[in-house]
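Each remark here refers to the structure printed beneath this line.
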Amino acid sequence: MKFYAISKTLSANDLGETGGHQAGILVPKDSKILGYFPTLDSSVKNPRQELSFYEEDDVTKWNFFFIYYNNKFFNGTRNEYRLTWMTKYLRAKNAKVGDIVEFSIIEDGRRYVKIIRENPVDLEDGVIKLSGTWKVINL
DNA sequence: AGCCATGCACCG
DNA sequence: CGGTGCATGGCT
């Protein structure tokens, strides 16, 4: 593996907009997706690993936690992966529901995060601004 | 399988 | 004491 990138479209819950103060997003149990993340020791309860992600500028760094909630095997009901601690990042990036987070990794193991705006709407206080200077000329 | 929701701990 | 995140249960 030299270059790998995965992405996820953000849900309301991922952003903590549903009232549920959720700390992070859910990671689908897809081998391709999980292959991107480090392997966690599933013999332990709720194993986790801190991961560092860089922005495109190669400088700004964010630390997220990749956690496997597996209490199903320890008298619970959970069996899912989560990437927590992202709210600050998402907030800083002004991520909205429907936006896409893209995670990538390069050869030396360095990881990158990036937000891809699904609907590039120019927002300002809820008002949609039209770009350019429109002019209506009545002849 | 994936998203929604909440009780409690922690911290300013 | 309000916001944030963990851990966990619930709902579709």
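Values reported hereafter were calculated over all heavy atoms of this structure, with side chains retained and with hydrogens, waters and symmetry mates removed. In what follows, every chain begins at residue 1, and chains take the letters A, B, ... in the order their sequences are listed.
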Which protein N or O atoms sit under 3.5 Å from an N or O of nucleotides 1-3 of chain B?
from	atom 1	to	atom 2	distance (Å)
dG2(B)	OP2	K29(A)	N	3.3
dC3(B)	N4	E80(A)	OE1	3.3

Using a cut-off of strictly less than 4.0 Å, decide whether W85(A) has a side-chain nitrogen or oxygen near OP1 or OP2 of dT4(C).
no
Return the 5'-most residue of the pair N75(A), R91(A) with respect to DNA chain C, ranking by each residue's nearest nucleotide.
R91(A)
Can a side chain N or O of N46(A) be found less than 4.0 Å away from OP1 or OP2 on dA7(C)?
no
May I ask you to say what K45(A) touches in the nucleic acid, namely base, sugar-phosphate or nothing, with a heavy-atom cut-off under 4.0 Å?
sugar-phosphate
Counting only side-chain N and O atoms of R48(A), is one of them less than 4.0 Å from OP1 or OP2 of dA7(C)?
yes
The reported gap from CG in L15(A) to OG1 in T87(A) (rounded to nearest 0.5 angstrom) is 9.5 Å
Angle between ring planes, F53(A) versus Y36(A), binned at 30° and 60°: parallel, tilted or perpendicular?
parallel
By side-chain hydrogen bond (donor to acceptor under 3.5 Å, both in side chains) - contacts of T9(A) (at least two apart):
none
Can you tell me if Y69(A) touches the phosphate of dT8(C), counting only side-chain N or O atoms and a distance under 4.0 Å to OP1 or OP2?
no
Looking only at the side chains, is there a donor atom on one of E55(A) and W62(A) sitting less than 3.5 Å from an acceptor on the other?
yes
Output all residues satisfying side-chain hydrogen bond (donor to acceptor under 3.5 Å, both in side chains) with S104(A), sequence neighbours left out; order by chain, then residue number.
none
What is the distance, to the nearest angstrom, from the NZ atom on K88(A) to the P atom on dG3(C)?
16 Å
Round to the nearest Å and state the distance from L90(A) atom CG to dG5(C) atom P.
10 Å
So does N70(A) get a side-chain nitrogen or oxygen closer than 4.0 Å to the phosphate oxygens (OP1/OP2) of dA7(C)?
no
Sub-3.5 Å pairs of nitrogen or oxygen atoms, protein against nucleotides 8-10 of chain B:
none

Does the side chain of D41(A) come under 3.5 Å of the side chain of S43(A) through a donor N or O and an acceptor N or O?
yes
Taking distance alone, no hydrogens or angles, what donor-acceptor pairs closer than 3.5 Å link side-chain atoms of residues 71-79 of chain A to residues at least two apart or in another chain?
from	atom 1	to	atom 2	distance (Å)
N71(A)	OD1	T77(A)	N	3.0
N71(A)	OD1	R78(A)	N	2.6
N79(A)	OD1	Y68(A)	OH	2.6

Provide, to the nearest angstrom, the distance between the CZ atom belonging to F73(A) and the P atom belonging to dA7(C).
17 Å
Sorted by chain and number, sequence neighbours left out, side-chain hydrogen bond (donor to acceptor under 3.5 Å, both in side chains) with S52(A) holds for N63(A)
State whether a side-chain donor-acceptor pair under 3.5 Å links Y112(A) with D58(A).
yes
Are T77(A) and dG9(C) close enough that a side-chain N or O sits under 4.0 Å from OP1 or OP2?
yes
